[in-house]
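The next block holds one structure in the form of structure tokens; read it before the comments.
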Number of protein chains: 2
Amino acid sequence: MRFGIIGTGTVGRTLAAKLVALGHEVTLGSRTKDNTAAVSWADQSGPNGHAGTFADAADFGEVVINATAGTVSLPALRLAGAERLAGKVLIDVSNPLVFSPTGEVSLEPVNTDSVGEQIQREFPETRVVKALNTLSAPLMVDPGRVPGPHQLFVAGEDPEAKALVRGVLEQFGWPGDQIVDLGGISAARGTEMLMPFWLRLMGHFGHTDFNYSIRSAD
Amino acid sequence: MRFGIIGTGTVGRTLAAKLVALGHEVTLGSRTKDNTAAVSWADQSGPNGHAGTFADAADFGEVVINATAGTVSLPALRLAGAERLAGKVLIDVSNPLVFSPTGEVSLEPVNTDSVGEQIQREFPETRVVKALNTLSAPLMVDPGRVPGPHQLFVAGEDPEAKALVRGVLEQFGWPGDQIVDLGGISAARGTEMLMPFWLRLMGHFGHTDFNYSIRSAD
């Protein structure tokens, strides 16, 4: 399958590398065509890895992944272009972290809105699925880094899009029964709002190889 | 030990009953002295269960538990009285849920503040520990309702206060190694902000007998 990835940070490059390793074709998109991270990634990635602009990535992908910071996702996706995103599944991996000058971290949007919802509202013809925003990049593509069962959460309005994303996540190594469907895209509020808790857990453990396992009575 | 509980809802009554069952003495405090829920609870609870006002409960307790809705915790604790709360450990179990006319749930405060911090700021001589706000009332006092290991989270500025609360939680049946210290009281933002996710999980499971188990690499 062809994937277009919007954003060349750790998350974008980690997902791109895994997708190429799985035999998919990827264009890693950045704001400018000559972005060093994207070009050097493509140079090392063989014939299935390409670099380009946000628009190139959106054009190329049958599935598009938003791996930009949540605070700049809308302007990045505007550059990608609504017409290029129309009809496509967009996996939104973002969290809208705001870093204050004093080092405090907060979210914007939050509480009554989320990046997932913002994207779905502004790109109504795109099939947005919130996923993978609740754990570190290495763990996204290698769930075995954490022992035992632990979970991923998906949210979105389009059941077929969620089924497609589930298939991609299973290719990443996630057991199907550990992928929890939380409902419509407004559930992205809940998963994005996990971030302050996740950051405290990171402080507690001293690393990012941890994840949520929800335990339930039968 | 003597406990004063501020708030007569499900959480307050559940904690009160468990504490009495453990042999502690409890005053369940409400806004008015003749609150039906508090008086009928005390009538059924034997010699160690009492009903009174918020002020009576704060006066009575060596440890005070805030079991009011987070949106009204500050006014309730003002009625309890800063001088009665001074020097005491206060376990803040609240979440500041706001229900919109359309049924949407949000939090206030959120993101850059929390109820735990609000209370600690307004009552600086009280030793606030955020705890137990991440799970249902029946599960708070009966962790075996959910199989396997699952966790509680505490946050606060005072290590001795957190140690005391840990002891109470262990009496409730929580293994000490499943009580995770997230640091200072600002970590209450993280645990209060779990609520939108928790509500989605409730929708997914169709009940409230579930909890978080954080899995980590060694």
Side-chain angles (χ1 to χ4, degrees), chain A residues 96 98 100 104-114 134-136 138-139 142-151 153 155 178 180-184 186-218, chain B residues 96 98 100 104-114 134-136 138-139 142-151 153 155 178 180-184 186-218:
Chain A
V98 177
S100 84
E104 236 184 42
V105 181
S106 61
L107 301 173
E108 184 56 45
V110 69
N111 200 29
T112 55
D113 202 2
S114 60
T134 56
L135 72 179
S136 72
L139 196 51
D142 187 7
R145 294 174 69 98
V146 169
H150 49 97
Q151 284 139 20
F153 308 95
Q178 301 300 331
V180 179
D181 186 343
L182 293 179
S186 67
R189 293 179 203 180
T191 61
E192 294 177 17
M193 287 169 76
L194 289 176
M195 188 47 65
F197 180 64
W198 186 93
L199 290 168
R200 288 288 180 158
L201 291 172
M202 181 176 72
H204 172 75
F205 289 118
H207 61 74
T208 63
D209 275 333
F210 62 86
N211 193 23
Y212 309 106
S213 175
I214 312 299
R215 290 191 166 275
S216 168
D218 290 331
Chain B
V98 176
S100 83
E104 236 183 43
V105 181
S106 60
L107 301 172
E108 184 57 44
V110 70
N111 200 30
T112 54
D113 202 1
S114 60
T134 55
L135 71 181
S136 73
L139 194 53
D142 187 5
R145 294 173 69 98
V146 169
H150 49 97
Q151 286 139 22
F153 308 95
Q178 302 300 330
V180 178
D181 186 343
L182 293 179
S186 66
R189 293 179 203 179
T191 61
E192 293 177 17
M193 287 168 76
L194 290 176
M195 187 48 66
F197 180 66
W198 187 91
L199 290 167
R200 287 289 180 155
L201 290 172
M202 182 177 72
H204 172 76
F205 289 118
H207 61 75
T208 64
D209 275 334
F210 62 86
N211 193 23
Y212 309 105
S213 176
I214 313 299
R215 291 192 166 273
S216 166
D218 290 331

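A note on names: the letters A, B, ... follow the listed sequences, proteins ahead of strands, and every chain is numbered from 1. Both backbone and side-chain heavy atoms feed into the values below; hydrogens, waters and symmetry mates do not.
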**Message:** Among residues at least two apart in sequence or on other chains, which ones pass side chain to side chain donor-acceptor pair (under 3.5 Å) with A/Gln178?
**Reply:** A/Gln151
**Message:** Contact between A/His204 and B/Val180 at the side-chain level, heavy atoms closer than 4.5 Å - yes or no?
**Reply:** yes
**Prompt:** Do the side-chain N and O atoms of B/His207 and A/Ser216 include a donor-acceptor pair separated by under 3.5 angstrom?
**Reply:** yes
**Asked** Are any of the side-chain heavy atoms of B/Leu194 and A/Met193 separated by less than 4.5 Å?
**Response** no
**Contact check, side chains of A/Arg215 and B/Asn211, non-hydrogen atoms, under 4.5 Å** = no
**Prompt:** So which of B/Gly203, B/Gly183, B/Ser186 has the largest heavy-atom pair count under 4.5 angstrom toward chain A?
**Reply:** B/Ser186
**Fill in**
Here the gap from A/Thr112 atom OG1 to B/Leu107 atom CG, rounded to the nearest 0.5 Å, amounts to 10.5 Å
**Asked** Between B/Ala217, B/Gly190, B/Ser213, which residue shows the highest count of heavy-atom pairs closer than 4.5 Å to chain A?
**Response** B/Ser213
**Prompt:** Under 4.5 Å between any side-chain heavy atoms of A/Asn111 and B/Asn111, yes or no?
**Reply:** no
**Asked** Taking the six-membered ring for Trp, are B/Phe197 and A/Tyr212 parallel (under 30°), tilted (30 to 60°) or perpendicular (over 60°)?
**Response** tilted
**Item:** A/Ser100, part contacting chain B, at a heavy-atom distance under 4.5 Å
**Value:** neither
**Request:** Only pairs at least two apart or in different chains count here, so list each salt bridge (charged side-chain N to carboxylate O under 4.0 Å, His left out) that has a residue in residues 189-214 of chain A.
**Result:** A/Glu117-A/Arg189, A/Lys130-A/Glu192, A/Arg145-A/Asp209, A/Arg189-B/Glu104
**Request:** Sort out for me which of B/Thr208, B/Leu201, B/Thr191 touches chain A most, counting heavy-atom pairs under 4.5 Å.
**Result:** B/Leu201
